[in-house]
Protein chains: 2
Amino acid sequence: MKRTKKERQRLLMETIKENPFVTDEQLASQFGVSVQTIRLDRMELSIPELRERIKDVAEKNYENEVKSLPLDEVIGEIIDIELDEKALSIFDVKEEHVFQRNGIARGHHLFAQANSLAVAVINDELALTVKSNVVFVKPVKVGDRVITKAIVRGQDHEKNRTYIDVLSTVNNETVFKGEFEMYRTKGKGDTE
Amino acid sequence: MKRTKKERQRLLMETIKENPFVTDEQLASQFGVSVQTIRLDRMELSIPELRERIKDVAEKNYENEVKSLPLDEVIGEIIDIELDEKALSIFDVKEEHVFQRNGIARGHHLFAQANSLAVAVINDELALTVKSNVVFVKPVKVGDRVITKAIVRGQDHEKNRTYIDVLSTVNNETVFKGEFEMYRTKGKGDTE
DNA sequence: ATGTATTTTAGCACTTGGTACTAATACCAG
DNA sequence: CTGGTATTAGTACCAAGTGCTAAAATACAT
């Protein structure tokens, strides 16, 4: 016994958290105890067996994959869109979007929702943000549902620019607003 | 045999790709064949067994997790920081940051790097973005290494504001610039 | 129809990484 | 020495397979 049982179990927890892919046998030799001891430890700490641990990791991944697919294309979910006119999206603020310290959403998530909505509303192959002025009016908290509206204000056909206003609200209160100047390859109504 | 072997194997591939968590037994009953047939099919198609599949998903996840953890705290990696003075971060643009269509980075990733650097440079418990004006000067492509510098320009102690200029470059060429107005709880040098 | 080939099924031994349980030791304290 | 905790050993069993052999079913051709 190098150190107490408690100490070993503490290390065991850490080790497994750090690398869930480790077998009891590996753990046993690492801690210089028998496999049975490791099993007993796992039971006491209610740490599931290797396969379950792997499965857990895999399942977590799977959720994320499903979640990040639309989340990659547009931040938030588009609920209404009239191309080159306006668009509406909602975005539920979760734990992973906020500062742990105070539960306030990181600015770039709100920006991302607004920006990707601005891209989406443009009826074109290519739409890029050129400039934007944004104001974070009021802190957004975890659990808030942010509703964002993008309205196409106008276009400069010569410069291939589209101007979009974006307004985000939570419970009808403005939390974020911004103006986006977007570049696009073809103007509204242009033919290929 | 409802349809040919080929057809079954095609469906088998799809089914497993869609849901890798399925056992041979489940597949057998789903396709109305014996477990052995499924095993043969998997061999011919060189699809690994359930546990291997799960492990693969888990391992893929693990990579991502390591990637997304620092990516959540600060977008990009901070390579130098002088609190309340300036900070420097690098961000390698990968496939997942760009539009598939043209390989150009989505604006909000550049914004996120700039924004999180602006948050990081502030030596305070709480730092929130109030306003920002940003310009996307030049498209950033996959593979580019974006170097972003944040410089604290000034403070308004009465309003608890800090003003930060951010400049991002790729190969010494400016690709993005922005001004950030940040809210902070305490001013530089203030004591608790 | 008969023969040959392909496909499918069955059965058995063996593998990993375990669980569940029992029993034997070892160690340490009073 | 006796008791209690900690550790180890050993057995039976499980899931979800692999690997292998062999039989049965089906298809296809002549």
Side-chain angles (χ1 to χ4, degrees), chain A residues 1-69 96, chain B residues 1-70:
Chain A
M1 235 194 302
K2 41 169 59 151
R3 212 63 262 157
T4 58
K5 181 178 165 178
K6 226 156 227 167
E7 176 66 1
R8 187 190 56 231
Q9 294 194 342
R10 207 181 53 69
L11 287 171
L12 192 78
M13 291 232 290
E14 260 182 52
T15 309
I16 291 178
K17 185 176 272 181
E18 211 168 284
N19 167 216
F21 297 81
V22 66
T23 65
D24 286 358
E25 215 160 56
Q26 294 174 312
L27 290 164
S29 81
Q30 184 182 323
F31 290 103
V33 294
S34 73
V35 172
Q36 282 78 356
T37 303
I38 296 294
R39 311 253 226 242
L40 278 177
D41 285 349
R42 277 201 299 102
M43 307 230 159
E44 284 180 27
L45 302 167
S46 45
I47 296 171
E49 65 166 291
L50 172 68
R51 284 150 179 163
E52 289 305 314
R53 294 194 307 260
I54 291 181
K55 211 175 170 184
D56 290 348
V57 176
E59 268 161 1
K60 213 184 293 170
N61 186 10
Y62 229 60
E63 288 166 31
N64 287 354
E65 209 154 290
V66 178
K67 213 184 296 166
S68 77
L69 234 151
E96 63 263 36
Chain B
M1 231 196 304
K2 40 170 59 152
R3 213 59 263 161
T4 59
K5 181 177 165 179
K6 226 156 228 166
E7 178 65 2
R8 188 190 55 233
Q9 295 195 341
R10 207 181 53 69
L11 286 171
L12 192 77
M13 292 232 290
E14 261 181 52
T15 309
I16 291 179
K17 185 176 274 182
E18 213 168 281
N19 167 216
F21 298 82
V22 66
T23 66
D24 286 358
E25 214 160 58
Q26 293 175 311
L27 289 164
S29 82
Q30 183 182 323
F31 289 103
V33 295
S34 73
V35 173
Q36 282 79 354
T37 303
I38 297 292
R39 310 253 225 242
L40 278 177
D41 285 348
R42 276 200 299 101
M43 307 226 161
E44 285 179 28
L45 302 167
S46 45
I47 295 171
E49 63 166 292
L50 171 68
R51 284 147 178 168
E52 290 305 313
R53 295 194 305 262
I54 291 180
K55 210 174 170 186
D56 290 347
V57 176
E59 270 161 0
K60 216 185 291 171
N61 188 6
Y62 227 60
E63 291 167 31
N64 289 353
E65 209 154 291
V66 177
K67 217 183 290 167
S68 76
L69 231 152

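Computation of the quantities below employed the complete heavy-atom set of this structure, encompassing side-chain atoms and omitting hydrogens, waters and symmetry-equivalent molecules. Computed from a predicted structure; not experimentally measured. Lettering of chains follows the sequences in order, A, B, ..., and the numbering in each one begins at 1.
At the heavy-atom level, A:E49 lies under 4.0 Å from the strands shown only through sugar-phosphate atoms. Counting non-hydrogen atoms under 4.0 angstrom, A:V35 reaches nothing in the nucleic acid. Within 4.0 Å of B:R42, counting heavy atoms only, lie sugar-phosphate atoms of the nucleic acid but no base atom.
Between B:R39 atom CZ and D:dT21 atom C1' the separation is 16 Å, expressed in whole Å. When the P atom of C:dA20 is taken as reference, atom CG of A:L40 falls 12 Å away, rounded to whole Å. One interatomic measurement links the two molecules: CD of A:E44 to P of C:dA20, which rounds to 14 Å at whole-angstrom precision. As a whole-Å value, the separation of B:M43 CE from D:dG17 P is 10 Å. Protein atom CD1 of A:I47 is 15 Å distant from nucleotide atom C1' of C:dG18, rounded to whole Å. Between A:K55 atom NZ and D:dA16 atom C1' there is a gap of 11 Å when expressed in whole angstrom units. One interatomic measurement links the two molecules: CG of B:D24 to P of D:dT18, which rounds to 6 Å at whole-angstrom precision. As rounded to whole Å, 16 Å separates atom C1' of C:dT15 from atom CG of B:L50.
A donor-acceptor pair is defined here as one N or O able to donate and one able to accept, closer than 3.5 Å; no such pair exists between the side chain of A:R53 and the backbone of A:F21. The backbone N or O of B:Q26 lies less than 3.5 Å from a partner atom in the side chain of B:S29, making a donor-acceptor pair.
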(message) If you apply the rule side-chain contact (heavy atoms from CB on, under 4.5 Å), what do you find for B:T15 with B:F31, and how did you get there?
(response) CA-CA 11 Å; B:T15 309; B:F31 289 103; 3.8 Å; yes
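The residues A:K55 and A:E52 are annotated as not salt-bridged, no charged nitrogen and carboxylate oxygen being separated by less than 4.0 angstrom. Here B:E7 pairs with B:R10 in a salt bridge; the nearest charged N to carboxylate O distance falls below 4.0 Å.
For A:T23, counting side-chain heavy atoms from C-beta on, the closest listed nucleotide (D:dA16, C:dG17, D:dT18) is C:dG17. Distances were taken from every side-chain heavy atom of B:Q36 (C-beta onward) to each of C:dT9, C:dT19, D:dA9; the shortest belongs to C:dT9. The A:K5 side chain lies nearest to D:dT7 when the options are D:dT7, C:dA10, D:dA9.
Side-chain N/O atoms of B:R51 and base N/O atoms of D:dA15 include a donor-acceptor pair closer than 3.5 Å.
For D:dA6, neither phosphate oxygen OP1 nor OP2 lies less than 4.0 angstrom from any side-chain nitrogen or oxygen of A:R8. In terms of phosphate contacts, B:T37 brings no side-chain nitrogen or oxygen within less than 4.0 Å of OP1 or OP2 of C:dT8.
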